[in-house]
*Asks:* 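Okay, handing you the structure first.
Indexing begins at 1, ligand by ligand and atom by atom, following the structure's order. Worth knowing before you read on, the calculation uses all heavy atoms, side chains too, and leaves out hydrogens, waters and symmetry mates.
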Amino acid sequence: MVDLLLGLQWGDEGKGKIVDVFTKNYNIISRFQGGPNAGHTLIFDGNKNVLHTIPSGIFHKTATNVVGNGVVIDPVIFKKEIDNLADYNINFKTKLLISRKAHIILPTHRLLDAASETLKGKAKIGSTLKGIGPTYMDKTGRNGIRIGDLELDDWKERYNTLTKKHLKLLDFYGVDIEYNLKELEEEFFNAIELLKTLTFIDSEEFFNQALRNNKSILAEGAQGSLLDIDFGTYPFVTSSNTTAAGACTGLGVAPNKIGEVFGIFKAYTTRVGSGPFPTELFDQDGETMSRVGNEFGATTGRPRRCGWLDLVALKYSVQINGVTQLIMMKADVLSGFDTLKACTSYDYKGEEIQHLPYNIEEDNVTPVYTEFKGWKKDLTGLNNKADLPENLLNYIKYIEEFVEVPVKIVSVGPDRKQTINL
Ligand code: GDP
Ligand code: IMO
Ligand code: MG
């Protein structure tokens, strides 16, 4: 079976940490969408690693890691990731396989991303500027260059043709983006050489063969459901399907092969970049979450916006993904609040609603909150459900009843070990 682990909010829920914890139960760990806009943090044995393209199972000897066809790869960032892991003595040739159908982010894709954002001005998406949007545009526009193309003779000609087109587009945008293409290309082609030393596979064949051999696969989502290109807070979203269906197209596995769908969420909410965020806080409480939770983007270092848990949005994500088990992260960050709040409906233009409306704007959606008693206990050293404060268990019980899915794990710190089964 293929199990999925998906972020249910606006990303950074702690997917990397939990995939690492789960890897011992799986033969294969695979990314199926997104690219180096993702930043997945793993902390164990006193070391911290942030992965952008490489699946979070890479530190375990037993699992094979696969970058699926739905992913977009920046060779330069990919090379840096591999270089950063030099101390771990990982055999990347056998432990990290790459789909021939994954698309390549070119240097000019990043420039186009920057130009597009500059042109949007105040209305910018707040992109990570990794070239994600322009690369997926070339994929769906049928112009993209794929990993498998690197094995063909004419790929450099195709690179030149596409780059030329991008430079024309850049001119067309008419905004001032500073760049040195020669330097960018040198770095790019150098990284391509490293990429070519890895193993490229027909990944859909690989996965289906693995399934026939009763191997277990965990698909690691990137971003979160509210950043999904179809179901997120469009246009403030990313350019891929981050939700469950994206795993089928991003790996080449059929829907009837999907087993568990693990939905992961923070005990509160964060968002990095622009776009609507009904429960966002601008007060002391928000600052406390930001400080205690150390809420800075793992990819860009930007401060993450913080707010209370939005159960209306969570229920929406649970529904879109068919979540079967929930995982609650960063419960420790809420220790110390006298009162917690969770949004349980929206006041939408004067009417109380319990679903995500088509158009969420600051002046048409006001969250309606339910309050909960907080807990003072430090959770970071706890290992057992029995030690958890009653008020935390009440908070969890309310969430389970609201979204109608059980919470199976609660995370009480960033380390692999700070993970409690319920
Ligand atoms: P991802 O993109 O979903 O993998 O999440 P990120 O790595 O971008 O962000 C999650 C952040 O929270 C990282 O800095 C993690 O080390 C940290 N983290 C994960 N789980 C917990 C937790 O339970 N408590 C605390 N305090 N930090 C956590
Ligand atoms: P992980 O996998 C949080 C956000 C950006 C921006 C929007 C579009 O670590 O959870 P893009 O670079 O895709 O053009 O940006 O999406 N974004 C993320 N926010 N976590 C991520 O990934 C994100 N990847 C993209 O901030 O608002
Ligand atoms: Mg992240």
Side-chain angles (χ1 to χ4, degrees), residues 5-21 31 33-44 47-53 55-56 71-72 74 105 109-110 112-114 116-117 120 124-137 220-229 232-240 242 264-277 289 291-305 327-335 378-380 382 409-420:
L5 185 131
L6 307 169
L8 300 182
Q9 296 161 319
W10 281 286
D12 304 329
E13 295 88 352
K15 299 176 289 291
K17 166 177 165 165
I18 297 298
V19 170
D20 172 57
V21 170
R31 279 277 306 272
Q33 47 69 232
N37 47 350
H40 295 181
T41 313
L42 283 71
I43 299 183
F44 55 87
N47 294 316
K48 172 176 164 175
N49 287 287
V50 179
L51 300 172
H52 301 288
T53 325
S56 298
V71 176
V72 291
D74 183 330
I105 303 176
H109 281 131
R110 274 185 274 141
L112 286 170
D113 218 358
S116 164
E117 285 283 82
K120 279 180 191 252
K124 71 174 182 188
I125 310 291
S127 165
T128 61
L129 301 178
K130 302 296 177 198
I132 306 296
T135 306
Y136 278 115
M137 279 163 73
E220 171 180 1
Q223 291 80 52
S225 302
L226 303 175
L227 288 170
D228 182 275
I229 183 72
T233 46
Y234 194 88
F236 301 99
V237 294
T238 190
S239 299
S240 62
T242 59
I264 180 164
F265 68 104
K266 278 178 187 164
Y268 49 101
T269 310
T270 64
R271 170 162 209 171
V272 59
S274 333
F277 179 178
M289 289 171 190
R291 179 173 41 81
V292 180
N294 192 22
E295 293 296 355
F296 294 91
T299 294
T300 58
R302 292 178 294 175
R304 296 179 184 137
R305 300 153 65 192
I327 300 169
M328 184 165 106
M329 307 301 286
K330 301 190 103 161
D332 55 301
V333 176
L334 294 185
S335 292
D378 175 12
L379 309 178
T380 55
L382 304 183
I409 287 177
V410 58
S411 173
V412 293
D415 193 277
R416 203 187 249 176
K417 290 193 181 131
Q418 291 169 303
T419 311
I420 301 177

*Asks:* Select one of side chain, backbone, both or neither to describe which atoms of Val272 lie under 4.0 Å from any atom of ligand 2, heavy atoms only.
*Replies:*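 The answer is both, backbone and side chain.
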*Asks:* Does the Thr41 side chain pair with the main chain of Val50, one donor and one acceptor, at a distance under 3.5 Å?
*Replies:*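 Not confirmed, Thr41 side chain does not pair with Val50 backbone.
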*Asks:* My understanding is that we take every heavy atom of each candidate and find the minimum distance to atom 23 (C) of ligand 2. Doing that for Gln223, Glu117, His52, which one comes out nearest?
*Replies:*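 Result: the heavy atom closest to atom 23 (C) of ligand 2 is in Gln223.
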*Asks:* Does an N or O anywhere in Gly14 fall below 3.5 Å from an N or O of ligand 1?
*Replies:*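 Looking only at distances, the answer is yes, because the N/O contact criterion of under 3.5 Å is met.
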*Asks:* Can you list the atoms of ligand 2 that are under 4.0 Å from a heavy atom of Ala222?
*Replies:*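 Once the distances to Ala222 are compared, the set is 2 (O).
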*Asks:* Identify the two heavy atoms, one from Phe236 and one from Ile125, that lie closest to each other, and give their separation to 0.1 Å.
*Replies:*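 Closest approach of Phe236 to Ile125: CD2-CA, 3.9 Å.
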*Asks:* Answer yes or no: does an N/O atom from Arg271 fall short of 3.5 Å to an N/O atom of ligand 2?
*Replies:*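 No; every N/O pair is 3.5 Å or more apart.
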*Asks:* Which atoms of ligand 2 have any heavy atom of Ala38 under 4.0 Å away?
*Replies:*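 With Ala38 as reference, the close atoms of ligand 2 come out as 1 (P), 2 (O), 9 (O), 22 (O).
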*Asks:* Please write down residue, atom name and distance for the protein heavy atom closest to atom 5 (C) of ligand 2.
*Replies:*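 Nearest neighbour among protein heavy atoms for atom 5 (C) of ligand 2, to 0.1 Å: Gly126 O, 3.5 Å.
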*Asks:* Distance under 4.0 Å to a non-hydrogen atom of Gly16: what atoms of ligand 1 satisfy this?
*Replies:*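 Atoms satisfying the 4.0 Å criterion: 4 (O).
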*Asks:* Distance to 0.1 Å, residue and atom name: give those for the protein heavy atom nearest to atom 13 (O) of ligand 2.
*Replies:*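 That would be Thr238 OG1, 2.6 Å.
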*Asks:* Can you sort out which atoms of ligand 1 are near Val333, meaning under 4.0 Å from one of its heavy atoms?
*Replies:*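 Numbered from 1, ligand 1 contributes 26 (N).
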*Asks:* What protein heavy atom lies closest to atom 17 (N) of ligand 2? Include the residue and the distance to one decimal.
*Replies:*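 The closest one turns out to be Leu227 CD1, 3.8 Å.
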*Asks:* Could a heavy atom of Gln223 be found less than 4.0 Å from some atom of ligand 1?
*Replies:*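 Gln223 does not count as a contact of ligand 1 under the 4.0 Å cut-off.
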*Asks:* Got the closest protein heavy atom to atom 7 (O) of ligand 1, with its distance?
*Replies:*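 For atom 7 (O) of ligand 1, the nearest protein heavy atom comes out as Thr41 OG1, 2.5 Å.
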*Asks:* Hey, is the Mg ion (ligand 3) within less than 2.8 Å of some N/O/S atom on Gly11?
*Replies:*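 No.
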*Asks:* With heavy atoms under 4.0 Å as the rule, classify the contact between Arg304 and ligand 1 as side chain, backbone, both or neither.
*Replies:*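 Arg304 to ligand 1: side-chain contact only, backbone stays beyond 4.0 Å.
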*Asks:* Does ligand 2 come near enough to Ser127 that some N or O of the ligand is less than 3.5 Å from an N or O of the residue?
*Replies:*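 Checking ligand 2 against Ser127, an N or O pair does fall under 3.5 Å apart.
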*Asks:* Test side chain to side chain contact (heavy atoms under 4.5 Å, CB included) on Asp20 and His40; report intermediate values, then the result.
*Replies:* CA-CA 10 Å; Asp20 172 57; His40 295 181; over 6 Å; no
*Asks:* Applying side chain to side chain contact (heavy atoms under 4.5 Å, CB included) to Met328 and Phe265, what does each step give before you reach the verdict?
*Replies:* CA-CA 5 Å; Met328 184 165 106; Phe265 68 104; 3.6 Å; yes
*Asks:* Write the atom name of the N, O or S atom in Asp12 that is nearest the Mg ion (ligand 3).
*Replies:*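 Among the N, O or S atoms of Asp12, the one closest to the Mg ion (ligand 3) is OD1.
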*Asks:* Give the numbers and elements of all ligand 1 atoms closer than 4.0 Å to a heavy atom of His40.
*Replies:*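 Once the distances to His40 are compared, the set is 1 (P), 2 (O), 4 (O), 7 (O).
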*Asks:* Please work out whether any backbone atom (N, CA, C, O) or any side-chain heavy atom from C-beta onward of Trp10 is under 4.0 Å from ligand 2, and answer side chain, backbone, both or neither.
*Replies:*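 Looking at Trp10 and ligand 2, just backbone atoms fall under 4.0 Å.
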*Asks:* Is a donor on one side and an acceptor on the other found under 3.5 Å between the side chain of Lys17 and the backbone of Asp415?
*Replies:*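 A pair under 3.5 Å: yes.
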*Asks:* Without swapping roles, check the side chain of Lys266 against the backbone of Asp12 for a donor-acceptor pair under 3.5 Å.
*Replies:*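 Side chain of Lys266 to backbone of Asp12, a donor-acceptor pair under 3.5 Å: yes, one is there.
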*Asks:* Is the closest heavy atom of Gly413 to ligand 1 under 4.0 Å?
*Replies:*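 Judged by the 4.0 Å heavy-atom criterion, Gly413 does count as contacting ligand 1.
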*Asks:* Output the list of atoms in ligand 1 that are nearer than 4.0 Å to some heavy atom of Ile43, sorted by atom number.
*Replies:*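 Checking each atom against Ile43, I get 16 (O).
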*Asks:* Nearest heavy atom to atom 17 (C) of ligand 1 wins, so pick from Met328, Lys330, Gln9.
*Replies:*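 It is Lys330 whose heavy atom sits nearest to atom 17 (C) of ligand 1.
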*Asks:* Counting from 1, what ligand 1 atoms have a heavy atom of Met329 closer than 4.0 Å?
*Replies:*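 Every atom of ligand 1 under 4.0 Å from some heavy atom of Met329: 20 (N).
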*Asks:* For atom 10 (C) of ligand 1, what is the closest protein heavy atom, and at what distance to 0.1 Å?
*Replies:*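 In this structure, atom 10 (C) of ligand 1 has Asp12 O, 3.7 Å as its nearest protein heavy atom.
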*Asks:* How far is atom 6 (P) of ligand 1 from its nearest protein heavy atom, and which residue and atom is that?
*Replies:*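 Result for atom 6 (P) of ligand 1: Gly39 O, 3.5 Å.
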*Asks:* Give me the nearest non-hydrogen protein atom to atom 20 (N) of ligand 2 as residue plus atom name, then the distance to 0.1 Å.
*Replies:*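 Going by distance alone, atom 20 (N) of ligand 2 is nearest to Asp12 OD1, 3.0 Å.
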*Asks:* Whether the side chain of Gln33 engages the backbone of Ala222 through a donor-acceptor N/O pair (distance < 3.5 Å, no angle test) should be reported.
*Replies:*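 Yes; judged by distance alone, with no hydrogens or angles, the pair exists.
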*Asks:* Tell me which protein heavy atom sits closest to atom 26 (N) of ligand 1, plus the residue, atom name and distance to 0.1 Å.
*Replies:*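 I find the closest protein heavy atom is Asp332 OD2, 2.7 Å.
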*Asks:* Heavy-atom contacts with Lys15 under 4.0 Å: which atoms of ligand 2 show up? List them by number with element.
*Replies:*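 So the answer, numbered in order with elements, is 1 (P), 2 (O), 10 (O).
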*Asks:* For the pair Gln223 (side chain) and Thr238 (backbone), establish whether a donor and an acceptor sit closer than 3.5 Å, ignoring hydrogens and angles.
*Replies:*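 Between the backbone of Thr238 and the side chain of Gln223 there is no qualifying donor-acceptor contact (under 3.5 Å).
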*Asks:* Provide, to 0.1 Å, the distance between atom 16 (O) of ligand 1 and the closest protein heavy atom, together with that atom's residue and name.
*Replies:*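 Looking at atom 16 (O) of ligand 1, the protein heavy atom closest to it is Pro414 CB, 3.4 Å.
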*Asks:* Please state whether Arg304 comes within less than 4.0 angstrom of ligand 2, counting heavy atoms only.
*Replies:*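 No, that is not the case, since the closest heavy atom of the residue is not under 4.0 Å from the ligand.
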*Asks:* Short N/O distance, under 3.5 Å, between Glu13 and ligand 2?
*Replies:*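 No.
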*Asks:* Decide yes or no on side chain to side chain contact (heavy atoms under 4.5 Å, CB included) for Thr270 and Trp10, but give the supporting numbers first.
*Replies:* CA-CA 7 Å; Thr270 64; Trp10 281 286; over 6 Å; no
*Asks:* Applying a 4.0 Å heavy-atom criterion (strictly less than), which segment of Lys130 is in contact with ligand 2: side chain, backbone, both, or neither?
*Replies:*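 Answer for Lys130: neither.
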*Asks:* Mark yes or no: Arg416 above the aromatic ring of Phe44, with NZ or CZ under 6.0 Å from the six-membered ring centre and no more than 45 degrees from the axis.
*Replies:*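 Checked: cation-pi criterion met.
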*Asks:* Around atom 12 (O) of ligand 2, find the nearest protein heavy atom and jot down its residue, atom name and distance.
*Replies:*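 Nearest protein contact, heavy atoms only, for atom 12 (O) of ligand 2 is Thr128 OG1, 2.5 Å.
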*Asks:* Please could you name the atoms of ligand 1 that Lys17 approaches to less than 4.0 Å, counting only its heavy atoms?
*Replies:*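 Reading through ligand 1 atom by atom, the close ones are 20 (N).
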*Asks:* Counting heavy atoms only, which of Val237, Thr299, Thr41 is nearest atom 7 (C) of ligand 2?
*Replies:*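 Selected option, by shortest heavy-atom distance: Val237.
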*Asks:* For ligand 1, which atoms, with element, lie under 4.0 Å from some heavy atom of Ser411?
*Replies:*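 By the 4.0 Å cutoff, the relevant atoms are 20 (N), 21 (C), 22 (C), 23 (O).
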*Asks:* Quick one: does any side-chain atom of Gln418 pair with a main-chain N or O of Thr380 as donor and acceptor, under 3.5 Å?
*Replies:*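 Present.
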*Asks:* Is there a polar contact, in the sense of an N or O pair closer than 3.5 Å, between Gly39 and ligand 2?
*Replies:*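 The answer is yes, given that Gly39 and ligand 2 share an N or O pair closer than 3.5 Å.
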*Asks:* Classify the side-chain pair Ser56/Glu220 by whether it contains a donor and acceptor separated by less than 3.5 Å.
*Replies:*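 Per modelled atom types, Ser56 and Glu220 side chains form a pair under 3.5 Å.
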